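Only this structure's heavy atoms are used, side chains among them; waters, hydrogens and symmetry mates stay out. The first residue in the sequence is number 1, and the count goes up from there. As the structure is a computational prediction, the values presented were derived from the model and not from experiment.
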Amino acid sequence: MLAGPAFILVFIFSAVFLAILSDLLYEWLSRTVMLAVGTLTFSLACLLMGLSSSYWHLVILRMLIAMGLAVCRSTLNIIFTSSSFYFIA
C-alpha cells in the first residue's frame, strides 16, 4: 500500500532533479554514463526485490526502481527530442 505513493513521489522529484543535474554535469559526465548508471540501478533493484524478506525492503527497492527509471526517462527525453523522430503517414 505504501510502495505506490513512494514510487510516484521519488519518481517525480528525482526526475526533475536528475534532469537538471544532467544538464549541469554534461561537460564532466556524459549522458551515456548517466544512462548506464540509471539502467544499472533499475536492474539491480529489480533483482534484489526477489530476495527481499520484509515489506520495507520492497518499499526501499521500489524507490530505487523509481530513481533508476527517472534517470533513464530524463536522459532519454534530452537525447531524443520530438524533432529527431520521423513519422511515416
>> Between V71 and I60, is there shared hydrophobic-cluster membership here, with clusters defined by ILVMFWY side-chain heavy atoms closer than 4.5 Å?
In response: no
> What pair of heavy atoms forms the shortest contact from A66 to S14, and how long is it?
Replying inline: O-OG, 4.2 Å
> Can you tell me how far the CE atom of M34 sits from the OG1 atom of T39, to the nearest 0.5 Å?
Replying inline: 11.5 Å
> Are side-chain heavy atoms of L9 and M63 found at a separation under 4.5 Å?
Replying inline: no
> Rounded to the nearest 0.5 Å, how far does CE of M49 lie from CZ of R62?
Replying inline: 6.0 Å
>> Do L24 and V16 sit in one hydrophobic cluster, given that two such residues count as connected whenever their side-chain heavy atoms are within less than 4.5 Å of each other, even indirectly?
In response: yes
> Is it true that L51 and L44 fall in one hydrophobic cluster, defined by side-chain heavy atoms closer than 4.5 Å?
Replying inline: no
> Atom CZ in F17, atom CE in M67: separation rounded to 0.5 Å?
Replying inline: 9.5 Å
> Do F42 and L64 have side chains that get closer than 4.5 Å, going by heavy atoms?
Replying inline: no
>> Nearest 0.5 Å, please: how far is CD1 in I65 from CZ in F7?
In response: 7.5 Å
>> Determine whether a donor-acceptor pair (N or O, by modelled atom type, separation under 3.5 Å) exists between the side chain of S43 and the backbone of L40.
In response: no
> If every non-hydrogen atom of L58 is compared with every non-hydrogen atom of S52, which pair is closest and at what distance?
Replying inline: CD2-OG, 3.1 Å
